[in-house]
There are 2 protein chains.
Amino acid sequence: MFSKTCTYGIKATLFIAQKAQLDERVSLKEIATAIDSPVAFTAKILQVLAKEHIINSIKGPKGGFEIAKAQLPNITIKQVVKAIDGDSLFNGCALGLQECNEKAPCPMHDNFVSIRDQLNETLASSNLLQVAADLNQGRTVLKR
Amino acid sequence: MFSKTCTYGIKATLFIAQKAQLDERVSLKEIATAIDSPVAFTAKILQVLAKEHIINSIKGPKGGFEIAKAQLPNITIKQVVKAIDGDSLFNGCALGLQECNEKAPCPMHDNFVSIRDQLNETLASSNLLQVAADLNQGRTVLKR
DNA sequence: TTAATTTCGGATAAATTTGTCCGAAATAAA
DNA sequence: TTTATTTCGGACAAATTTATCCGAAATTAA
């Protein structure tokens, strides 16, 4: 479904969101520990997310990563996935055909309409505030 | 969503099904041409499908691959996907957690229930007879 | 029986994804 | 200003996925 890189990216974003709700900024090391990911590789992914303005990065002592608290309800998981894996999951042909549309559909085209709709609806409506709240209440976990 | 290997596997299976409906057996070369895939790599995938009893392979002159016509309605796309990509798409955690369940769910766990249900329902109910018919009627295509 | 055809299966190679290393740049605090 | 800390970014390396090559085995037909 998602690339490994993307799962790291989602988990990192959610951890930053969790701490953002508590007005805390987190470092690369803290993130990698919290989500159980390779440190240097996680740094690369965070750079991408920062460039896409999904998170903010601050250099220097006391630096780290954060998300403006007020932005939490406006950022969706779909945005994170698109930033890392692109939008092929949401728009590409399930069988990888370059040209696949109503006029010349692949054999799975019609079947995938409902799956895609569900994916879009679910990931576009899951915002960081909601998910961060679940994490802070201990209802959900980021590793194991 | 699916690995590239899996898209080849699905397309190959559908092409064999299409010809099975016409009582025709097809060769590796014909399959690779029909679905626009690398010949030798396709051979490997067909071996897997044959071992999983999704298709039959016949060696020697006039040999090739086929599916018993009577089996077409009993084989689903889900079976093909499971044979090649395993069942992580249907059962694994979306964020890759080893342990992710109702007691200790990942932050996406609840959101993914509906997506997973839709995937299961759609892929488990799409059988080869139906899809082969669409192909033979020229309603759908396997390449481009 | 021989020759031709086709899949099987193992070794190997290329491409992509995942992961590491390390110096550079920025910045906070002494 | 200097030092310590933290992210940035480029080069490199390992692991995995995708793809190729080729002889072996099976089978059909001459």
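Labels below follow one simple rule: chain letters A, B, ... track the order of the sequence lines, proteins then strands, and each chain is numbered from 1.
Legend: side-chain hydrogen bond (donor to acceptor under 3.5 Å, both in side chains) pairs involving residues 37-59 of chain A, not counting sequence neighbours, sorted by first then second residue: A:Ser37-A:Thr42. For the salt bridge (charged side-chain N to carboxylate O under 4.0 Å, His left out) condition, the pairs that include at least one residue of residues 13-28 of chain B, sequence neighbours left out, are B:Asp23-B:Lys69, B:Arg25-B:Glu66. Sorted by first and then second residue, the salt bridge (charged side-chain N to carboxylate O under 4.0 Å, His left out) pairs with a member in residues 27-36 of chain A form an empty list; sequence neighbours excluded. Among pairs with a residue in residues 107-133 of chain A, those fulfilling salt bridge (charged side-chain N to carboxylate O under 4.0 Å, His left out) read A:Asp110-B:Arg139, at least two apart in sequence or across chains. Legend: ring-ring contact (aromatic ring centres under 6.0 Å, His included) pairs involving residues 89-133 of chain B, not counting sequence neighbours, sorted by first then second residue: A:Phe2-B:Phe112. Identified under the salt bridge (charged side-chain N to carboxylate O under 4.0 Å, His left out) test for residues 76-104 of chain A, with sequence neighbours left out: A:Glu99-B:Arg144.
Under the 4.5 Å side-chain heavy-atom criterion for grouping Ile, Leu, Val, Met, Phe, Trp and Tyr, A:Val26 is connected to A:Leu129 within one hydrophobic cluster. Following chains of ILVMFWY side-chain contacts shorter than 4.5 Å, one can reach A:Leu14 starting from A:Val39, so the two form part of one hydrophobic cluster. By the criterion of side-chain heavy atoms lying less than 4.5 angstrom apart, applied directly or through intervening Ile, Leu, Val, Met, Phe, Trp or Tyr residues, B:Leu28 is grouped together with B:Phe41 in one hydrophobic cluster.
Between B:Lys4 and C:dA15 there is no side-chain polar atom (N or O) within less than 4.0 angstrom of OP1 or OP2. Listed pair A:Tyr8 / C:dG19 meets the phosphate criterion, a side-chain N or O lying under 4.0 Å from OP1 or OP2.
Of the residues in residues 89-97 of chain A, none lies under 4.0 Å from DNA chain C by heavy-atom distance. Remark: B:Lys59, B:Gly60, B:Pro61 in residues 53-64 of chain B come within less than 4.0 Å of DNA chain D through at least one heavy atom. Within residues 26-38 of chain B, the residues having any heavy atom closer than 4.0 Å to DNA chain C are, in order of number, B:Ser27, B:Leu28.
At least one side-chain heavy atom of A:Gln18 sits less than 4.5 Å from a side-chain heavy atom of A:Leu142.
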Kindly give the atom pairs (protein nitrogen or oxygen, nucleotide nitrogen or oxygen) under 3.5 Å for nucleotides 1-3 of chain D.
none

Restricting both atoms to N or O, compile the protein contacts to nucleotides 9-14 of chain C shorter than 3.5 Å, with distance only.
| from | atom 1 | to | atom 2 | distance (Å) |
| --- | --- | --- | --- | --- |
| C:dG9 | OP2 | B:Gln47 | OE1 | 3.4 |
| C:dG9 | N7 | B:Gln47 | NE2 | 3.2 |
| C:dG10 | N7 | B:Lys44 | NZ | 3.0 |
| C:dG10 | O6 | B:Lys44 | NZ | 2.4 |

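One atom, CZ of B:Arg25, and another, C1' of C:dT6, lie 11 Å apart when rounded to the nearest Å. Rounded to an integer number of Å, the gap from B:Phe65 CZ to C:dC8 C1' is 9 Å. Between A:Ile45 atom CD1 and C:dT18 atom P there is a gap of 9 Å when expressed in whole angstrom units. When rounded to the nearest whole Å, the span between CD1 of A:Ile84 and P of C:dT16 equals 20 Å.
Here A:Leu97 is tied into one hydrophobic group with B:Val141, each link being a pair of ILVMFWY side chains closer than 4.5 Å.
Taking CD1 of B:Ile84 as the reference point, atom OG1 of B:Thr13 lies at 6.0 Å (rounded to 0.5 Å). With rounding to the nearest 0.5 angstrom, the CG atom of A:Leu119 is 4.5 Å from the CD1 atom of B:Ile115. We find the CD1-CG distance between A:Ile55 and A:Leu46 to be 4.5 Å, quoted to the nearest 0.5 Å.
The shortest non-hydrogen separation linking B:Ala124 to B:Thr76 is O-CG2, 3.2 Å. Closest approach of A:Ala83 and A:Leu49 over heavy atoms only: CB-CD2, 4.5 Å.
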